[in-house]
2 protein chains.
Amino acid sequence: MVEDVVKSLGFLAMGTRMKRIGERLQADTQVLLEAMELPVGAGQCPLLAAIDMLGPLTIGELAEALGITQPAITRSVNQLADLGYLAVKPAEDDQRRRIVHLTEQGRRLVERAKAEIWPRIEAAVRDLCGGLSGPFLEQLAAVEGGLAARSLKQRSDMLKGQEP
Amino acid sequence: MVEDVVKSLGFLAMGTRMKRIGERLQADTQVLLEAMELPVGAGQCPLLAAIDMLGPLTIGELAEALGITQPAITRSVNQLADLGYLAVKPAEDDQRRRIVHLTEQGRRLVERAKAEIWPRIEAAVRDLCGGLSGPFLEQLAAVEGGLAARSLKQRSDMLKGQEP
DNA sequence: TTGTGTTATATAACGTGTTATGTAAATTCA
DNA sequence: TGAATTTACATAACACGTTATATAACACAA
């Protein structure tokens with residue numbers, strides 16, 4: 001039985017630890033999706049949800065909405081388009097922009113996920129977080145906001161200035 | 001300006017969100033390490049710290065201590081061994097086991113990191129989390145413990161049983 | 001109108017996790 | 001004791017992020 005070093009390192013390995021928890025949550029979510037026979041992976045659901053929520057979006061807008069890079073979006077979009085859930089059309093006002101739409105098949109998939117599947121996942125995660133103070137999502141928002149306001153580098157430089 | 005969909009999805013995309021924050025923290029940490037000229041990346045620090053804290057460890061023990069898979073450890077260990085910071089020797093009592101040691105060079109690197117670098121990173125992350133209730137690390141521990149006790153699948157199955 | 005700088009996205013390469021598989025060593029069981 | 005099973009790790013393949021770069025389209029200034 002070995003000690004959990006990432007946990008023991010506290011703030012020093014907090015990024016690694018959050019990533020690890022996130023990956024575990026995604027893996028658990030994937031198990032549920034497979035049990036409920038949703039034919040797209042856990043990692044692709046936010047992308048479908050974004051288009052459902054906000055309507056057709058460009059590659060760049062999707063990257064912004066999901067907080068990942070454009071090449072990652074390009075790849076996911078192409079995968080989902082190959083499966084028939086998304087269609088990509090050039091924008092009318094700017095040939096560079098590509099607008100990503102849900103297909104009829106994609107719309108049906110999202111409707112089913114919203115009706116039967118995503119609420120189940122949300123409930124399980126809520127159950128997991130039930131006893132946490134904060135609540136937990138607000139704390140995540142605070143960390144995100146804190147990072148956006150000032151990077152770790154900026155914080156370190158400032159704290160260094162305060163040393164005796 | 002596009003809405004942050006991952007944030008808006010709340011519990012549904014909590015895993016994705018935590019992963020995203022973790023990656024941001026790791027990227028920020030990497031910037032600091034480069035500024036301070038530590039010649040190993042942010043992702044390799046917990047591995048070095050584990051051996052420093054617990055003494056020489058097998059590949060499997062390292063995987064357990066860090067919560068990642070054995071092939072990932074094998075790769076990182078080989079990378080650090082190539083750089084001269086780690087040495088790998090077969091165990092005396094079991095030919096299958098490989099024990100990972102810090103070299104003299106590795107020891108010096110860790111001593112410098114512990115003296116000058118890791119505390120700076122820890123302080124910056126602490127500063128980031130300063131206003132959070134909980135505190136935040138305890139909440140992460142609660143999530144980890146909750147997942148270990150019951151998976152999302154188990155929770156979903158139980159909640160399903162409660163439906164009218 | 002032409003030249004320059006910026007923007008949007010595809011593509012390539014890389015890094016770092018995972019699962020699956022193979023091999024050797026150790027352990028267990030009949 | 002020998003066969004079957006399990007364990008430890010290397011290796012291969014894959015998934016999914018990132019950065020860097022190329023190309024085309026667009027915007028703007030002279």
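Keep in mind the model is a prediction, meaning the values are calculated, not measured. Here is how names work: the chains are called A, B, and so on, in the same order as the sequence lines, proteins then strands, and each is numbered from 1. Reckoned from all heavy atoms, side chains included, excluding hydrogens, waters and symmetry mates.
When each of dT18(C), dT9(C), dA10(C) is scored by its nearest atom to the side-chain atoms of Thr74(A), the top-ranked nucleotide is dA10(C). In the set dT19(D), dA20(C), dA8(D), the nucleotide with an atom closest to the side chain of Pro71(B) is dA20(C). The nucleotide whose nearest atom lies closest to any side-chain atom of Asp94(B) is, among dG17(D), dT9(C), dA26(C), dA26(C). For Arg96(A), whose side chain is taken as the heavy atoms from C-beta onward, the closest listed nucleotide among dT7(C), dA12(D), dG17(C) is dT7(C). Nearest nucleotide to the side chain of Arg97(B), out of dA25(D), dT16(C), dA8(D): dA8(D).
If you measure from atom CZ of Arg75(A) to atom P of dT19(D), you get 14 Å, rounded to the nearest angstrom. Remark: P of dG15(C) and CD of Gln79(B) are 8 Å apart, rounded to the nearest angstrom. One atom, CD1 of Ile68(A), and another, P of dT19(D), lie 12 Å apart when rounded to the nearest Å. The nearest whole Å value for the distance from the CD atom in Gln44(A) to the P atom in dG17(D) is 8 Å. Rounding to whole angstrom units, CG of residue Asp82(A) and P of dA15(D) are separated by 13 Å. One can place CD of Gln70(A) at 6 Å from P of dA10(C), the figure rounded to the nearest angstrom. dT18(D) atom C1' lies 16 Å from atom CG of Leu25(B), rounded to whole Å. Protein atom CG of Asp28(B) is 14 Å distant from nucleotide atom P of dT18(D), rounded to whole Å.
No N or O donor and acceptor, one from the side chain of Arg98(A) and one from the base of dT9(C), sit under 3.5 Å apart.
Thr29(A) places a side-chain N or O within 3.5 Å of a backbone atom of Leu25(A) that can act as its donor or acceptor partner. Proximity of a side-chain donor or acceptor of Thr103(B) to a complementary backbone N or O of Ala87(B) within less than 3.5 Å is not detected. A distance-only check finds a donor-acceptor pair linking the side chain of Asp28(A) to the backbone of Leu152(B) [under 3.5 Å].
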Does the salt bridge (Lys or Arg N to Asp or Glu O under 4.0 Å) test come out yes or no for Arg107(A) and Glu111(A), once each step is laid out? CA-CA 6 Å; Arg107(A) 218 174 328 265; Glu111(A) 291 309 318; over 6 Å; no
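Taking 4.0 Å as the cut-off between side-chain N and carboxylate O, Arg20(A) and Glu144(B) count as a salt-bridged pair.
Nearest-nucleotide positions on DNA chain D for Asp93(A) and Ser76(A) put Ser76(A) closer to the 5' end.
Phosphate contact (OP1/OP2 of dG17(D), side-chain N/O of Thr69(A), threshold under 4.0 Å): absent.
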